[in-house]
Amino acid sequence: MLDPKILRETPDLVRAAIAKKHLDVDLDAVLAVDSAWRTHLQEVEQLRARQKAANGALAAMPKGTPEFQARVAEMKAVSAQVKEREVQLKETEEKFRAAMLTVPNLPHASVPEGGGPADNVVFSTHGDIAAASPHARAHWEIPGFEKLFDFGRGAKVTGAGFPFYVGDASRLIRSLLGFFLEENAKAGYVEVMPPILVNAASATATGQLPDKEGQMYETVPDHFYAVPTAEVPLTNFFRDEIIEEAALPIYRCAYTPCFRREAGSYGKDVRGLNRLHQFDKVELLKWVHPSRSYEELDKLRSDAESLLQKLGLPYRVLLMCGGDLGFAQAKKYDLEVWAAGQKRWLEVSSCSNFEAFQARRAQIRYRSKESGRPELVHTINGSGLAVPRVLAALLENNLQADGRVRIPQALVGHFGKEFLSFA
RNA sequence: GGAGAGGUGGCAGAGUGGUCGAAUGCGCCUGACUCGAAAUCAGGUGUGCCCUUUGGGUACCGGGGGUUCGAAUCCCUCCCUCUCCGCCA
């Protein structure tokens, strides 16, 4: 959520931000609701002040006297009025809250202009995509693929998008996860294993609710949500807390399975491992001092990049333009790995600075040494990394003439063999 | 799952209808004393929101609702914690 004061004091700044993000928000309506809410609030608070003053007087008065009775009768009327106004206030407050949730975060000045994916800036490119395996093919076309990545049986047991990983496939995923977690630990991220079901309050704090309810799996009868990313439980770790400034920055990482209903997706994106309902991912998350959030974003991005580098996978970094930035992000980089068989880039990490937007909604603050008061932290997160697409690129790029897949040197220790075999 | 107890400020812990944002102790901050420290003494020390912002107002005693002129205190409901029993990886 954006700071309502920013909206009140500098609405033009917010208008410009909305334009840069190519969103359509009725700011005048939001401002009108804000104004109505504040009017109602003041009315109710004035009435309550009368009540409080009368309470003191009544407490000191001998009970049962005519004066006392008269005062009670008078305050009875005020009480009725308060109750009536409070109903109005609650209504407008709810409208105001809902209206504020339609206002996006402000994009950082360094975010390029643009309306959509075509306007994203290629920030950097690493590795030689032309040098990728001459034997590359789309991973789902590799002979024997279905034996190790059993989508058919997964569909029988659960549904489409819930594959079984058998033998070397399972082993390779486990190797990747171990590799990611250990490398991240070396970079200073403390490993956390969070709950993978969260309650509605947590899903609301990170913005999955109320709007994206249909994207999550919900349990019955407890109404918990299967996490779409470890970002949700991890960010909520410090929800409604005040952190000592000396403790910042806090680096954490977590592996979780991620569950996404992916309602409405279709086409080539959904082939093979490209898009699943359940997948494995290691998430990186930081809580940082506002003055350092952009250097921390760059650092997190390069931490994620180093994983791809160590795996020897060609990739590029996109700097997302205003129109492709997302509602809550102030700045975002996407890491895309090259899948030589599909001849396309696959997003494996999205590194974002939310500034105080997420922290305000989740009420995550630090006690400022300078002011002595609680201030909102900045939150930054990104994948480090999402497994299935890294796996897809690895299978495609490292495919040998004999149908085996060469395991990157960094992974051999975890995997235990030089090659994965589909035979 | 069953039975019981309980959730109050950073912590401990009073308060069971009225001037209570809340005693007291600890902790923390400032000052005095001291060469310095400890001890002692004095003062201060929660968070959110609103306004005509060196100030004023209002809300918050696990969450929500109710009774009442007035609720930390009474009632309903949900959540959580602890103890005992049962079940279980």
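Note: hydrogens, waters and symmetry copies are ignored here, and every other heavy atom, side chains too, is used. Throughout, a chain's letter reflects where its sequence line sits, starting with A, and its residues are numbered from 1.
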Pair A:Glu347 + A:Arg275, salt bridge at N-O below 4.0 Å
no

Expressed as a whole number of Å, how far does the P atom of B:G62 sit from that of B:A14?
15 Å

Ring geometry between A:Phe422 and A:Phe145 (parallel below 30°, tilted from 30 to 60°, perpendicular above 60°)
tilted

Between A:Lys331 and A:Ser110, which heavy-atom pair has the shortest distance, and what is it?
NZ-OG, 2.8 Å

Acceptor/donor pairs from residues 163-170 of chain A side chains to any protein atom, 3.5 angstrom cut, sequence neighbours excluded:
| unit_1 | atom_1 | unit_2 | atom_2 | d |
| --- | --- | --- | --- | --- |
| A:Asp168 | OD1 | A:Lys417 | NZ | 3.0 |
| A:Asp168 | OD2 | A:Lys417 | NZ | 3.0 |

If you measure from the C1' atom in B:C80 to the same atom in B:A42, how many Å do you get, rounded?
42 Å

Treat a base pair as Watson-Crick or G-U wobble with both distances under 3.5 Å, then lay out RNA chain B in dot-bracket form, 5' to 3', with | for cross-strand pairs.
((((((((.[[[..)..(.....]]]((((((.......))))))((((((...)))))).[[[[[..)....]]]]])))))))....

Which pairs pass salt bridge (charged side-chain N to carboxylate O under 4.0 Å, His left out) with one or both residues in residues 220-229 of chain A, sequence neighbours excluded?
none

Given the C1' atoms of B:G65 and B:C26, what is the spacing between them in whole Å?
37 Å

Please report, rounded to the nearest Å, how far the P atom of B:C29 is from the NZ atom of A:Lys369.
14 Å

I need a per-nucleotide contact map over nucleotides 46-53 of chain B, read 5' to 3'. Cutoff is protein heavy atoms under 4.0 Å; write B for the base, S for backbone only, - otherwise.
-SSSSS--

Expressed as a whole number of angstroms, how long is the span from A:Ile243:CD1 to B:G10:P?
16 Å

How would you list, by chain and number, every residue that makes a side-chain hydrogen bond (donor to acceptor under 3.5 Å, both in side chains) with A:Glu355, sequence neighbours excluded?
A:Tyr294

What is the distance from CD of A:Gln46 to C1' of B:U58, rounded to the nearest Å?
11 Å

Check ion pair A:Arg38-A:Asp34 (N to O, under 4.0 angstrom):
yes

When the C1' atoms of B:U34 and B:C82 are considered, how many whole Å apart are they?
48 Å

What integer number of Å spans the P atoms of B:C88 and B:G9?
39 Å

Mark up nucleotides 65-71 of chain B, 5' to 3', with B wherever a protein heavy atom is under 4.0 angstrom from a base atom, S wherever such an atom reaches only the sugar-phosphate, and - elsewhere.
S--BBS-

Using the benzene-type ring in the case of Trp, are the ring centres of A:Phe259 and A:His277 under 6.0 Å apart?
no

Residue whose closest nucleotide on RNA chain B lies nearer the 5' end, A:Lys63 versus A:Ala53
A:Lys63

Taking it one step at a time, do A:Gln342 and A:Glu396 satisfy side chain to side chain donor-acceptor pair (under 3.5 Å)?
CA-CA 8 Å; A:Gln342 300 177 61; A:Glu396 298 182 13; 2.9 Å; yes

When rounded to the nearest Å, what value does the distance between P atoms of B:G44 and B:U24 take?
11 Å

In whole angstroms, the gap separating C1' of B:C60 from CD of A:Glu93 amounts to 13 Å

Which whole number of Å gives the distance between the C1' atom of B:G21 and that of B:A71?
14 Å

Minimum heavy-atom distance between A:Pro233 and A:Val198, given as atom pair plus value:
CB-CG1, 4.1 Å

Separation between the C1' atoms of B:C85 and B:A72, rounded to whole Å:
34 Å

What one should report as the nearest heavy-atom pair of A:Glu245 and A:Arg367 is CB-O, 3.2 Å

Residues A:Arg292, A:Glu295: salt bridge by 4.0 Å N-O rule:
no

